[in-house]
Amino acid sequence: MKNTGLSAGMMLAFAAFASFSISDAYSKLLAGQVDPFEVAFFGGVFGLLLIPFIRGKNESCRDLFVIRQPVMWMVRAASTFAATAASVEAFMLLPMPEAFSLIFLMPLFVTILSVVLLREKVSALGWMSVIVGFAGVLIVLRPGLRALQFGHLCALIAAMASAVGVIAYRLSGRNTPRLSMFGSSLCGPLLGNGVLMTAHASWPHEATAWMFLFGYGFLAALGQLLMMLATARAEASTIALPQYSQMLWAVAFSYYVFHEPLDDWTFVGIAVIISSALFKWVWPGVAGRMAAMKRQRAMQPPYDPCPLA
C-alpha cells in the first residue's frame, strides 16, 4: 500500500465523518415520517449516483459486481447494512450527542481489531486516547443513573459494525477495484434493508421527505467513498480518531435544528471525548519538537565560564 502521508488520510477521514454527520441529521429529520429500514434502503438507492465519480480510469461499471474476495465482500456488505440500519434507528430514538457518544466507541473497536487482525502496532498513547474517550462516553451516558433504551443498543451495534467495515476495507488490499468495494457497501443496505422494510414500507408523499432521503443517502455514500480513500492513506487505528469531530456537529444540530437540551455532565463527557482525540493528534508533533531541541542542545559544546587566554 502506498503511503501518501498521515495528514492526507486524516483530512479525508475528517471530511468523511462530516459527511456522515450531516447525513445522520437528515435521517433524524425523517423520524416519524419514514420507516428506519426504508430510510436506510433509499440511502443505498441515492448512493448509486456516486458511481461515476468512484470509477477509476481502468475500471468499468462491471467491476461493481466483481467479487474477488467473497469473504471480505460479504463482511463489508453485512457490516454496512448493520451500521446503516442501526444508526438510523439510534438517531431517530436518541438525541444526537447521546447516539454519537456510543458510536464513538468505534475507535476502541477499530484499535482492538487492528491489533488482532492487521497486526498493527498501537502505541501506549493510542491506547490511552481510546480509553479516555471511552471514559467520556461513560460520563455522557452515566449507566446506572440513567435508563438505557433500545436506541443505545442500536448505537452500540452501529459502532461495532462500522469498526468491522473499516478493518474489512484494509484487508481487501489495493488490488480490489474501488467499484467492487463500493458495490459491497451499497448492496448491503439495498438488500438487507430492502427485505426488512417490506413490513412497514410506505411511499413518501411530501417533497421535504424526498429531499431528506436524498441528503441522507447521497452524503452517506459520499462518506463511504471518502473513508475508502482514507483507509488507503493511513492506518486503520489512525483514521478512526477524526470521528470525534462528529460530536461538534452533533451539538450544533441539537441546539440549532432539533432543540434538544444538554445537561452539564453531557458537556463534560463531550469535552473528555474530544480532548482524548486532540491529545493523540497533537502530542506526537510536540514530542518530536521537544526531542529535536534536546538533541540540538546535546550537540552544542559545554559552556566554559573560564576560557583559557
Side-chain angles (χ1 to χ4, degrees), residues 1 16 20 23 36-51 54-56 59-90 103 105-120 153-199 216-217 220-232 235-237 239-240 243:
M1 180 186 69
F20 286 139
S23 172
F37 295 120
E38 189 174 357
V39 173
F41 170 79
F42 278 109
V45 172
F46 289 119
L48 294 171
L49 298 175
L50 277 176
I51 290 178
I54 296 173
R55 185 167 65 91
E59 295 180 354
S60 66
C61 290
R62 290 179 296 179
D63 289 325
L64 191 65
F65 308 99
V66 171
I67 304 177
R68 293 184 179 177
Q69 295 177 306
V71 175
M72 285 298 101
W73 193 96
M74 291 295 295
V75 170
R76 291 195 305 270
S79 62
T80 307
F81 155 62
T84 54
S87 63
V88 169
E89 186 75 40
I103 295 176
L105 291 176
M106 188 196 85
L108 175 61
F109 296 139
V110 169
T111 301
I112 294 173
L113 292 176
S114 65
V115 171
V116 175
L117 299 178
L118 302 180
R119 299 294 188 268
E120 291 183 357
L153 175 61
C154 291
L156 183 62
I157 292 174
M160 296 177 65
S162 298
V164 172
V166 170
I167 298 301
Y169 281 132
R170 292 278 288 169
L171 289 174
S172 297
R174 60 180 300 182
N175 294 325
T176 302
R178 285 191 299 178
L179 275 181
S180 177
M181 289 196 291
F182 190 71
S184 63
S185 66
L186 287 181
C187 286
L190 285 173
L191 296 177
N193 294 299
V195 172
L196 293 177
M197 77 174 190
T198 54
Y216 165 74
L222 178 61
Q224 289 287 344
L225 170 61
L226 293 171
M227 185 57 63
M228 284 167 43
L229 298 176
T231 55
E235 293 182 347
S237 57
I239 63 171
Q243 186 192 23

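The figures that follow rest on heavy atoms only: side chains count, while hydrogens, waters and symmetry mates do not.
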Item to complete: Say whether, by atom type as modelled, one donor and one acceptor occur between the side chain of Ser87 and the main chain of Thr84 under 3.5 angstrom.
Response: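 Looks like yes, one N/O pair under 3.5 Å.
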
Worksheet item: Thr80 side chain to Ala77 main-chain N or O, any donor-acceptor pair under 3.5 Å?
Response: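 No.
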
Discussion item. So Leu196 and Phe41, do their side chains get closer than 4.5 Å, heavy atoms only?
Written reply: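 No. Closest side-chain heavy atoms not under 4.5 Å.
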
Could you grab the distance from atom [atom1] of [X] to atom [atom2] of [Y], nearest 0.5 Å is fine?
X	Y	atom1	atom2	answer
Leu222	Phe20	CG	CZ	8.5 Å
Thr111	Leu105	OG1	CG	11.0 Å
Ile167	Met72	CD1	CE	10.0 Å
Leu190	Leu48	CG	CG	6.0 Å
Ile157	Glu89	CD1	CD	10.0 Å
Phe37	Phe81	CZ	CZ	6.5 Å

Could you pull out the closest heavy-atom pair between [X] and [Y], with the gap in Å?
X	Y	answer
Ala159	Met106	O-CG, 3.6 Å
Ala83	Ser162	CB-OG, 3.7 Å
Val195	Thr198	O-OG1, 2.7 Å
Ile103	Ala155	CG1-O, 3.6 Å
Ala168	Val75	CB-CG1, 3.9 Å
Ala86	Ala158	CB-N, 3.9 Å

Discussion item. Can you confirm whether more than 12 heavy atoms, excluding those of Met197, are under 6.0 Å from its CE atom?
Written reply: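 Buried by this count: over 12 neighbours within 6.0 Å.
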
